[in-house]
Visitor: 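Sharing a structure with you now.
No experiment lies behind these values; they were computed from the predicted model shown. Protein chains get the first letters and strands the later ones, always in sequence-line order, with residue 1 at the start of each.
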There are 2 protein chains.
Amino acid sequence: MGISERKERDKQEMQKRILDAAMKMFLEEGYEKTSLRNIAEKIEYSPATIYLYFKDKDELLYEVQKQAFEQLNEEYAKKVIATNPLERLKEICYTYITFGLANQELYDLMFIIRAPMNCIDEEGMWENGSDAFGFLVQCLSECIEQKLIRYNDVMLAAMNVWAMGHGLVSLDVRCRFKVMQLEESDLENVINQSIHEFIRVISY
Amino acid sequence: MGISERKERDKQEMQKRILDAAMKMFLEEGYEKTSLRNIAEKIEYSPATIYLYFKDKDELLYEVQKQAFEQLNEEYAKKVIATNPLERLKEICYTYITFGLANQELYDLMFIIRAPMNCIDEEGMWENGSDAFGFLVQCLSECIEQKLIRYNDVMLAAMNVWAMGHGLVSLDVRCRFKVMQLEESDLENVINQSIHEFIRVISY
DNA sequence: CAAATTTACTGAACACTGTTTATTTTCCAA
DNA sequence: TTGGAAAATAAACAGTGTTCAGTAAATTTG
């Protein structure tokens with residue numbers, strides 16, 4: 001029965017077409033300007049067709065989020081190369097922040113917008129983010145083991161480092177640093193100084 | 001001419017009625033379920049009437065945000081009472097986080113949602129947040145002066161503390177801590193431990 | 001091969017959203 | 001009482017996510 005297999009392939013290919021179009025539009029036009037109708041128009045199908053491949057917009061967003069995390073993980077694989085755990089921690093932080101500031105619309109989908117998280121049922125695991133988080137936890141546990149940072153509990157350390165990174169990126173993405181009245185061009189610099197300062201402060 | 005003065009009062013009163021209704025609905029139903037039509041229905045006016053008192057929804061949101069910040073500032077005035085700057089810093093952090101977790105929809109408006117920030121023109125000051133931020137900066141500069149924390153630069157310290165607080169609250173509000181697979185009841189505890197740990201780590 | 005059935009797709013509608021404009025209602029001074 | 005200004009609105013516009021009846025194509029069956 002090669003037919004049902006081909007149909008399965010067709011289905012997955014169509015899903016990928018929708019996903020790719022969505023991803024492209026998020027990057028180019030941003031989240032707010034990307035509607036199901038726009039995506040449907042882009043792939044030259046009716047809006048209703050999308051509902052044959054995804055339960056609703058949230059599920060579509062969850063899949064786009066998955067792709068976004070794959071990009072972040074690739075970035076980690078490329079940029080986080082040091083053997084010293086503290087150096088690796090620095091690389092993780094810089095990579096995270098640089099990725100967030102350079103791909104603000106993807107960052108939205110990954111860490112700010114509510115929608116994609118509606119797919120996860122109560123007490124269900126958020127699989128999209130677990131690799132990246134595990135990567136951080138692994139690095140921090142080595143830092144603690146080698147007594148390189150002033151934390152004892154890995155989970156608390158991970159929470160702190162992540163919250164710091166996310167806080168910096170998301171406050172910038174959502175323009176809240178306007179309260180500091182910095183020059184637009186300076187801001188990115190100050191954010192980098194800020195994470196640098198944080199790592200210095202938490203190091204022994 | 002007492003009439004034009006009364007008209008001015010009437011206008012301000014109407015603005016307040018709209019604002020109060022909006023604020024109430026945000027707190028009760030949440031941001032997403034609060035539309036201009038709902039607000040109009042609540043105050044028994046036509047939706048178009050709102051546009052006689054506010055330029056658009058963003059401007060309305062900006063005013064609601066202002067009220068939300070007044071609430072946060074009141075909370076600070078009540079809860080931040082220690083004379084020791086480091087103790088005050090702790091109180092600020094706990095108050096901020098407790099406020100955010102207890103008023104998630106207001107927190108959205110204050111620090112997460114884009115909309116209200118559209119009112120601020122390029123290079124314009126974000127007045128709503130400046131008091132709360134100044135309060136933190138004042139406290140931190142005293143901490144640094146008395147060499148109580150491992151920071152030298154006030155602005156970098158403020159950025160770090162705010163980012164940490166915001167990171168913790170916003171990751172929780174937007175369900176991203178699901179990746180840690182904690183019990184719902186534990187999570188709030190762990191967040192409090194986390195900020196406690198942070199302050200311990202940055203203190204001398 | 002033709003008919004029947006399953007699968008894939010879509011047009012049109014529904015109930016919403018923020019916003020604008022022409023029209024009506026209300027108010028106040030002459 | 002009437003004319004004009006001010007305030008409020010009904011209705012429309014263009015957009016959103018979503019559903020469903022109905023059509024067109026592909027596949028299985030007789």
Side-chain angles (χ1 to χ4, degrees), chain A residues 1-19 21-22 25-26 29-65 105 108-109 113-119, chain B residues 1-19 21-22 25-26 29-65 105 108-109 113-119:
Chain A
M1 272 288 168
I3 289 171
S4 63
E5 287 167 10
R6 193 217 60 201
K7 288 231 165 145
E8 183 57 30
R9 275 207 313 279
D10 282 0
K11 186 151 190 167
Q12 286 187 358
E13 200 194 300
M14 185 65 165
Q15 274 187 357
K16 197 173 163 350
R17 282 181 67 188
I18 297 169
L19 242 53
M25 295 187 73
F26 279 132
E29 315 280 348
Y31 169 71
E32 307 238 307
K33 282 177 186 167
T34 304
S35 68
L36 290 178
R37 281 179 164 83
N38 294 148
I39 297 171
E41 199 178 358
K42 192 125 198 167
I43 59 171
E44 294 173 300
Y45 278 83
S46 135
T49 302
I50 294 177
Y51 285 84
L52 302 174
Y53 297 90
F54 298 94
K55 191 176 130 282
D56 54 20
K57 199 189 182 185
D58 290 356
E59 199 177 283
L60 172 56
L61 289 182
Y62 190 78
E63 293 303 315
V64 181
Q65 191 192 63
E105 295 293 339
D108 243 36
L109 219 61
I113 289 172
R114 255 205 201 95
M117 306 305 279
N118 297 337
C119 291
Chain B
M1 275 283 169
I3 288 171
S4 63
E5 288 167 10
R6 193 217 58 199
K7 288 226 167 152
E8 183 57 31
R9 275 208 315 278
D10 282 0
K11 186 151 189 166
Q12 286 187 357
E13 200 195 301
M14 184 65 166
Q15 275 187 356
K16 196 172 164 351
R17 281 181 68 189
I18 297 170
L19 241 54
M25 294 188 72
F26 280 133
E29 315 279 348
Y31 170 73
E32 307 236 307
K33 283 176 185 166
T34 304
S35 67
L36 290 178
R37 281 179 164 83
N38 295 149
I39 297 170
E41 199 179 357
K42 193 124 196 165
I43 58 171
E44 294 173 298
Y45 278 82
S46 134
T49 302
I50 294 176
Y51 284 84
L52 301 175
Y53 297 90
F54 297 95
K55 193 176 129 282
D56 54 21
K57 199 189 181 185
D58 290 356
E59 198 178 283
L60 172 56
L61 289 182
Y62 190 77
E63 293 302 317
V64 181
Q65 191 192 62
E105 296 292 339
D108 243 35
L109 219 62
I113 289 172
R114 250 200 207 98
M117 306 305 280
N118 297 338
C119 292

Visitor: Taking CD from B:Gln15 and C1' from D:dA8, how many angstroms apart are they, rounded to a whole number?
Guide: 16 Å
Visitor: Check A:Tyr53 against A:Met14 and note the closest heavy-atom contact, atom names and distance.
Guide: CZ-CG, 3.2 Å
Visitor: Would you please confirm or rule out a distance under 4.0 Å between OP1 or OP2 of C:dT10 and any side-chain N or O of A:Thr49?
Guide: yes
Visitor: So how far off straight is the helix from C:dC1-D:dG30 to C:dC27-D:dG4, going by the axes through five pairs at either end, to 10°?
Guide: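 Angle reported: 30°, given to the nearest ten degrees.
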Visitor: What donor-acceptor contacts under 3.5 angstrom involve side-chain atoms of residues 37-44 of chain B, with partners at least two apart or in another chain?
Guide:
{"residue": "B:Asn38", "atom": "OD1", "partner": "B:Ser35", "partner atom": "N", "Å": "3.4"}
{"residue": "B:Asn38", "atom": "OD1", "partner": "B:Ser35", "partner atom": "OG", "Å": "3.0"}

Visitor: Take the protein atom CD1 of A:Ile39 and the nucleotide atom P of C:dT10, then report the distance between them rounded to whole Å.
Guide: 15 Å
Visitor: Could you give the CE-to-P distance, from A:Met14 to D:dA25, as a whole number of Å?
Guide: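 Going from CE in A:Met14 over to P in D:dA25 covers 16 Å.
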Visitor: Where do B:Met25 and B:Thr34 come nearest, in terms of heavy atoms and distance?
Guide: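 Heavy atoms only, the tightest pair is O-OG1, 3.5 Å.
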Visitor: Can you name the closest pair of heavy atoms from B:Asp108 and A:Arg114 and give their distance?
Guide: OD2-NH1, 3.8 Å
Visitor: Mind checking ring pair (Phe, Tyr, Trp, His ring centres under 6.0 Å) for B:Tyr51 and listing every partner two or more places apart, or none if nothing turns up?
Guide: none
Visitor: Which distance, rounded to the nearest 0.5 Å, do you find between the NZ of B:Lys33 and the CZ of B:Phe26?
Guide: 14.0 Å
Visitor: Could I get the full list of ring pair (Phe, Tyr, Trp, His ring centres under 6.0 Å) partners for B:Tyr45, not counting sequence neighbours?
Guide: none
Visitor: Working to the nearest 0.5 angstrom, can you tell me the gap between A:Asn118 CG and A:Lys55 NZ?
Guide: 8.5 Å
Visitor: How many Å lie between CD1 on A:Ile50 and P on C:dT10, as a whole number?
Guide: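 Distance check: A:Ile50 CD1 to C:dT10 P gives 10 Å.
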Visitor: Would you mind building the protein contact string for nucleotides 11-18 of chain D? One character per nucleotide, 5' to 3', B for base within reach (heavy atoms under 4.0 Å), S for sugar-phosphate only, - for untouched.
Guide: -B---BBB
Visitor: Rounded to the nearest 0.5 Å, what separation is found between the CD1 atom of B:Ile50 and the CZ atom of B:Arg17?
Guide: 11.5 Å
Visitor: I'd like a list of close polar pairs between nucleotides 6-8 of chain C and the protein, N/O only, cut-off under 3.5 Å.
Guide:
none

Visitor: Would you confirm whether B:Gln65, through its side chain, and B:Leu109, through its main-chain N or O, come within 3.5 Å as a donor-acceptor pair?
Guide: yes
Visitor: Is it the case that the side chain of A:Glu105 and the backbone of A:Tyr31 share a donor-acceptor pair, with hydrogens and angles ignored and the cut-off at 3.5 Å?
Guide: yes
Visitor: Report the distance from atom OH of B:Tyr31 to atom P of C:dT17, rounded to the nearest whole Å.
Guide: 12 Å
Visitor: Round to a whole Å and report the spacing from CD of B:Glu13 to P of D:dA8.
Guide: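 Nearest whole value for this atom pair: 11 Å.
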